[in-house]
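The structure under discussion appears below in the form of structure tokens.
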Protein chains: 2
Amino acid sequence: MNSIEEKCKNKGVRLTDQRKVIAMVMSDSKDHPDVDELHKRVSEVDKKISIATVYRTVKLFEEAGILEKHDFKGGKARYEQSPDEHHDHLIDINSGDIIEFVDKDIEKLQNEVAKKLGYKLVDHKEELYGSKIKK
Amino acid sequence: MNSIEEKCKNKGVRLTDQRKVIAMVMSDSKDHPDVDELHKRVSEVDKKISIATVYRTVKLFEEAGILEKHDFKGGKARYEQSPDEHHDHLIDINSGDIIEFVDKDIEKLQNEVAKKLGYKLVDHKEELYGSKIKK
DNA sequence: ATAATTGCAAATGCTTTGCTTGTGA
DNA sequence: TCACAAGCAAAGCATTTGCAATTAT
């Protein structure tokens with residue numbers, strides 16, 4: 001059983017065949033697929049799963065804290081499994097590749113900025129867009 | 001003449017009546033209106049200006065570097081006049097208020113992170129979402 | 001004069017939803 | 001059993017676009 005299925009069990013999310021397939025595909029994905037791409041991968045396992053179900057499941061999983069949704073540039077939402085440790089993303093503007101990174105110092109500064117403005121930070125979005133330095 | 005009109009002149013962007021109105025409204029706006037809201041404000045000056053024109057103009061101005069587009073949570077793009085000095089945003093998750101802030105330290109760290117990953121930073125998006133601390 | 005711009009409505013692309021049938025616990 | 005989920009197609013929403021009429025330079 002994959003880790004997403006396990007999380008579903010823990011959270012009392014009913015496990016249907018379709019959800020199991022989607023859970024498995026997302027568990028196996030090391031990238032950040034959009035719904036179309038996810039549906040494509042899911043269809044290779046069971047071509048009867050509709051895209052509506054993928055949309056519904058992905059939203060369900062997100063609300064359960066199992067998946068994380070990202071609205072990178074491009075207009076299509078992309079998903080990844082909720083990581084144990086928070087990370088941000090650098091997007092290669094040429095290839096579309098996404099690199100994950102962690103920077104505690106930035107996180108700390110963001111908290112300080114929010115506090116200084118009289119706010120408690122509840123969420124944040126940080127995306128870097130860059131082009132590869134050739135050497 | 002407002003500052004956006006001036007920028008249009010400098011960049012050789014043809015100035016129509018509609019664009020002048022949109023330029024004026026955006027110059028007067030101190031917030032981050034979405035296209036609907038902008039169209040509403042523009043309509044108070046000239047109710048014959050269509051929303052299609054607002055969409056086209058806002059995109060044109062953005063491509064000319066005159067306006068900045070933001071995709072905050074909520075699904076609708078929001079615009080502000082391109083500032084002289086770059087700033088980021090903190091969004092009040094309860095009221096929707098947007099607070100602008102500048103943090104050179106964070107900017108510097110972002111550049112370093114990108115460089116460390118082998119990238120040249122060309123753009124970045126940083127949004128903090130928070131709730132007001134009551135005292 | 002004429003290439004660019006507008007308004008309108010239709011089209012688009014992503015995402016959601018109503019409804020009927022199917023199914024997990 | 002039966003509340004919930006899936007599949008399908010239709011609807012929704014923000015945004016874009018084709019086209020004929022209008023306008024800035």
Side-chain angles (χ1 to χ4, degrees), chain A residues 1 4-25 32-43 45-64 66-79 96, chain B residues 1 4-25 32-43 45-64 66-79 96:
Chain A
M1 184 167 66
I4 294 182
E5 256 192 62
E6 216 153 335
K7 287 181 190 168
C8 287
K9 287 243 164 94
N10 294 337
K11 312 220 177 196
V13 171
R14 185 187 271 188
L15 272 170
T16 64
D17 288 345
Q18 291 87 332
R19 289 180 186 173
K20 282 181 196 160
V21 174
I22 295 168
M24 184 194 70
V25 171
H32 304 68
D34 60 40
V35 175
D36 253 332
E37 174 60 29
L38 178 53
H39 182 234
K40 206 171 292 171
R41 295 181 193 176
V42 155
S43 297
V45 182
D46 179 352
K47 58 188 55 169
K48 283 194 297 302
I49 297 178
S50 75
I51 192 142
T53 295
V54 178
Y55 270 108
R56 280 192 271 239
T57 302
V58 118
K59 178 182 243 184
L60 176 78
F61 284 180
E62 193 210 345
E63 285 163 355
I66 294 169
L67 292 183
E68 234 171 57
K69 179 186 184 184
H70 299 293
D71 296 295
F72 301 141
K73 292 180 182 177
K76 321 170 78 161
R78 310 177 66 129
Y79 292 84
Chain B
M1 183 165 67
I4 294 182
E5 257 191 61
E6 216 153 335
K7 286 181 192 167
C8 286
K9 287 246 166 89
N10 294 337
K11 311 218 177 194
V13 171
R14 186 187 271 190
L15 271 170
T16 63
D17 289 345
Q18 294 86 331
R19 289 180 185 174
K20 282 181 196 162
V21 174
I22 294 168
M24 185 193 69
V25 170
H32 305 68
D34 59 41
V35 175
D36 253 331
E37 174 61 28
L38 178 54
H39 181 235
K40 206 172 292 172
R41 294 180 195 176
V42 155
S43 296
V45 181
D46 179 351
K47 58 188 55 174
K48 283 196 296 304
I49 298 177
S50 75
I51 192 140
T53 296
V54 178
Y55 270 107
R56 280 192 271 236
T57 303
V58 119
K59 177 181 244 184
L60 176 78
F61 285 0
E62 193 210 344
E63 285 164 355
I66 295 169
L67 292 183
E68 234 172 57
K69 179 185 184 183
H70 299 294
D71 295 296
F72 300 140
K73 292 181 182 177
K76 320 170 78 161
R78 309 176 67 130
Y79 291 85

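Protein chains get the first letters and strands the later ones, always in sequence-line order, with residue 1 at the start of each. Atom set for the values below is all heavy atoms of this structure, side chains included, hydrogens, waters and symmetry mates excluded.
Summarising the geometry, the separation between CG on B/Leu60 and P on D/dT15 is reported as 17 Å, rounded to the nearest angstrom. Summarising the geometry, the separation between NZ on A/Lys47 and P on D/dG7 is reported as 14 Å, rounded to the nearest angstrom. As a whole-Å value, the separation of B/Ile49 CD1 from D/dT22 P is 17 Å. Computed from coordinates, the B/Lys48 NZ to D/dA21 C1' distance equals 15 Å when rounded to whole Å. Atoms NE2 (A/His39) and C1' (D/dG7) sit 10 Å apart, rounded to a whole Å.
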Any chance you could list the contact pattern along nucleotides 10-16 of chain C? Use B for base contacts, S for sugar-phosphate-only contacts and - for none, protein heavy atoms under 4.0 Å, 5' to 3'.
----SBB
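The side-chain heavy atoms of A/Ile4 and A/Phe61, taken from C-beta on, include a pair separated by under 4.5 Å. Inter-residue side-chain proximity for A/Glu37 and A/Lys40 is flagged as met; some heavy-atom pair is nearer than 4.5 Å.
Between B/Thr53 and C/dG7 there is a side-chain N or O to OP1 or OP2 distance below 4.0 Å. Taking only side-chain nitrogens and oxygens, B/Arg19 comes nearer than 4.0 Å to OP1 or OP2 of C/dT6.
Judged as a ring-ring contact (aromatic ring centres under 6.0 Å, His included), and not counting sequence neighbours, A/His39 has no contacts. Qualifying salt bridge (Lys or Arg N to Asp or Glu O under 4.0 Å) partners for A/Asp36, counting only residues two or more places apart in sequence or in other chains: A/Lys76. Listed by chain and number, the residues in a side chain to side chain donor-acceptor pair (under 3.5 Å) with B/Lys73 are A/Asp123 (sequence neighbours excluded). A search for side chain to side chain contact (heavy atoms under 4.5 Å, CB included) contacts involving B/Glu63 returns B/Lys59, not counting sequence neighbours. Take A/Asp17 and apply the side chain to side chain contact (heavy atoms under 4.5 Å, CB included) test, not counting sequence neighbours, and it matches A/Lys20. The side chain to side chain donor-acceptor pair (under 3.5 Å) search around A/Arg78 returns none, not counting sequence neighbours. The salt bridge (Lys or Arg N to Asp or Glu O under 4.0 Å) check on B/Glu68 picks up nothing, with sequence neighbours excluded.
Checking A/Ile22, A/Val13, A/Ile66 one by one against A/Thr57, the side-chain contact (heavy atoms from CB on, under 4.5 Å) holds for a single residue, A/Ile22.
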Polar atoms only, N or O, under 3.5 Å: list the protein pairs with nucleotides 22-25 of chain C and their distances.
| from | atom 1 | to | atom 2 | distance (Å) |
| --- | --- | --- | --- | --- |
| C/dG24 | O3' | A/Leu15 | O | 3.4 |
| C/dA25 | OP1 | A/Leu15 | N | 3.4 |

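Among residues at least two apart or in separate chains, side chain to side chain donor-acceptor pair (under 3.5 Å) pairs with a member in residues 47-56 of chain B are B/Ser50-B/Thr53.
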Dot-bracket for DNA chain D, 5' to 3', with Watson-Crick and G-U pairs under 3.5 Å, [ ] for crossing pairs and | for other-strand pairs: what is it?
|||||||||||||||||||||||||
